[in-house]
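Note that the structure is predicted; figures quoted are calculated from it, not measured. Side chains are part of it too, since the values below use all heavy atoms of this structure and drop only hydrogens, waters and symmetry mates.
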There are 2 protein chains.
Amino acid sequence: MANLNSSEDIDYGILDTLVGYKLRRAQVNIFNDFSEHCSRFGITPGLFGVLSIVERNPGLTQTAIANALGNDRSAMVSVVDRLESMNIVERKPSASDRRSHALFLTPHGEIFYKELVAEVLKHEASFTSLLNEGEKPLIIDMLDRIANHKPAKQ
Amino acid sequence: MANLNSSEDIDYGILDTLVGYKLRRAQVNIFNDFSEHCSRFGITPGLFGVLSIVERNPGLTQTAIANALGNDRSAMVSVVDRLESMNIVERKPSASDRRSHALFLTPHGEIFYKELVAEVLKHEASFTSLLNEGEKPLIIDMLDRIANHKPAKQ
DNA sequence: TTAAATTATTTACATTCTTAACAATTTTAA
DNA sequence: TTAAAATTGTTAAGAATGTAAATAATTTAA
């Protein structure tokens with residue numbers, strides 16, 4: 001039975017040639033799967049990014065982490081509040097600058113993060129299996145180029 | 001002078017190996033540039049997607065367009081309202097189904113869309129220049145695989 | 001012909017992102 | 001040394017986006 005107006009019949013026109021559009025569709029799908037995998041941890045992709053930076057760079061300030069992730073520092077407040085309320089991260093007063101907070105994983109956070117990473121790697125493997133030999137480093141390299149491109153203001 | 005805590009000094013750990021994280025960073029950057037290019041048109045990436053589908057598939061219903069773009073049909077209402085208020089798109093009563101609206105570009109919308117596409121292609125060329133021979137079709141193919149991947153629920 | 005499904009729509013809500021402002025503190029420059 | 005400028009975390013407000021549930025009108029299926 002022909003299903004009129006099913007998505008197979010749709011002409012996507014220029015969208016099918018735009019890297020930005022394809023990036024968006026891919027990103028939404030992989031983020032949804034990430035969220036499903038990590039829902040039992042109560043962790044979103046954004047929270048995972050913060051945790052990963054804190055784990056590898058203990059003692060960084062909120063602003064430094066925001067900059068590393070391309071976020072605004074004001075958005076860090078509620079994120080860190082949330083991670084603190086989950087007893088995963090703690091703010092400690094910075095020795096050198098009394099304005100800023102140094103962030104660390106709590107002992108429980110260290111264990112939590114290890115289990116979380118195991119789940120994230122399952123998710124990643126599911127998507128990496130779609131890529132042929134050599135394609136993963138290549139797509140990551142291309143994505144880095146796109147992420148770091150700063151076109152001149154016209 | 002050594003700049004402590006500058007982003008070059010940060011260890012991204014697992015993030016540097018996650019396709020989802022890299023996708024996110026690339027997508028945000030390319031969408032921001034898209035938005036800058038199209039701000040004088042008042043068009044966001046989301047609105048451009050709808051316009052592109054309407055232009056190539058005149059007469060489609062709102063629900064069909066939402067499905068094509070992976071959006072919820074309730075989100076289409078305000079989008080179409082906005083495009084109608086800009087005199088770019090018009091809702092016409094469907095001949096076959098009095099519940100639904102068929103969407104078309106207005107005469108002005110046709111001209112508008114052509115100018116818009118010219119600007120979008122400038123934006124696209126800026127990013128495509130980052131890719132070597134053969135890399136654009138390859139990344140689009142990989143992104144399609146990632147976008148269409150439906151992992152089995154565990 | 002009745003029951004079930006679909007369409008566009010509205011409403012509400014949660015997220016996320018931006019922007020601007022603020023007090024406390026640090027840095028820079030006179 | 002001191003005054004001005006910049007930075008930090010924070011709060012608050014607003015825009016954008018996505019999701020979920022409900023509704024009336026209409027169509028489809030039993």
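Qualifying salt bridge (charged side-chain N to carboxylate O under 4.0 Å, His left out) partners for B:D144, counting only residues two or more places apart in sequence or in other chains: A:K22. Residues satisfying the side chain to side chain contact (heavy atoms under 4.5 Å, CB included) criterion with A:S126, sequence neighbours excluded, are B:H149, B:P151. Residues meeting the salt bridge (charged side-chain N to carboxylate O under 4.0 Å, His left out) test with B:E90, sequence neighbours left out: B:K92. Under the rule for a salt bridge (charged side-chain N to carboxylate O under 4.0 Å, His left out), the partners of A:D81 that lie at least two apart in sequence or sit in another chain are A:R91. Evaluation of the side chain to side chain contact (heavy atoms under 4.5 Å, CB included) rule for A:D141 yields A:R145 as partners, not counting sequence neighbours.
One can place CD1 of A:I65 at 12 Å from P of D:dT10, the figure rounded to the nearest angstrom. Between the NE2 atom of A:H101 and the C1' atom of D:dT8 there is a distance of 9 Å, rounded to whole Å. To the nearest angstrom, P of C:dT6 lies 17 Å from CD of B:Q62.
Five base pairs at each end of the helix from C:dT1-D:dA30 to C:dA30-D:dT1 define two local axes, and these are offset by 30° (rounded to 10°).
Close to D:dT10, at under 4.0 Å from its OP1 or OP2, lies a side-chain N or O of A:R91.
Among residues at least two apart or in separate chains, ring-ring contact (aromatic ring centres under 6.0 Å, His included) pairs with a member in residues 39-95 of chain B are B:F34-B:F48, B:F41-B:F112, B:F48-B:Y113. Sorted by first and then second residue, the pairs that involve residues 38-50 of chain B and meet side chain to side chain donor-acceptor pair (under 3.5 Å), not counting sequence neighbours, are B:R40-B:E119.
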With sugar-phosphate taken as primed atoms, P, OP1 and OP2 and all else as base, the protein-contact string of nucleotides 15-30 of chain D at under 4.0 Å (heavy atoms; B, S, -) is ---SBB----BBS---
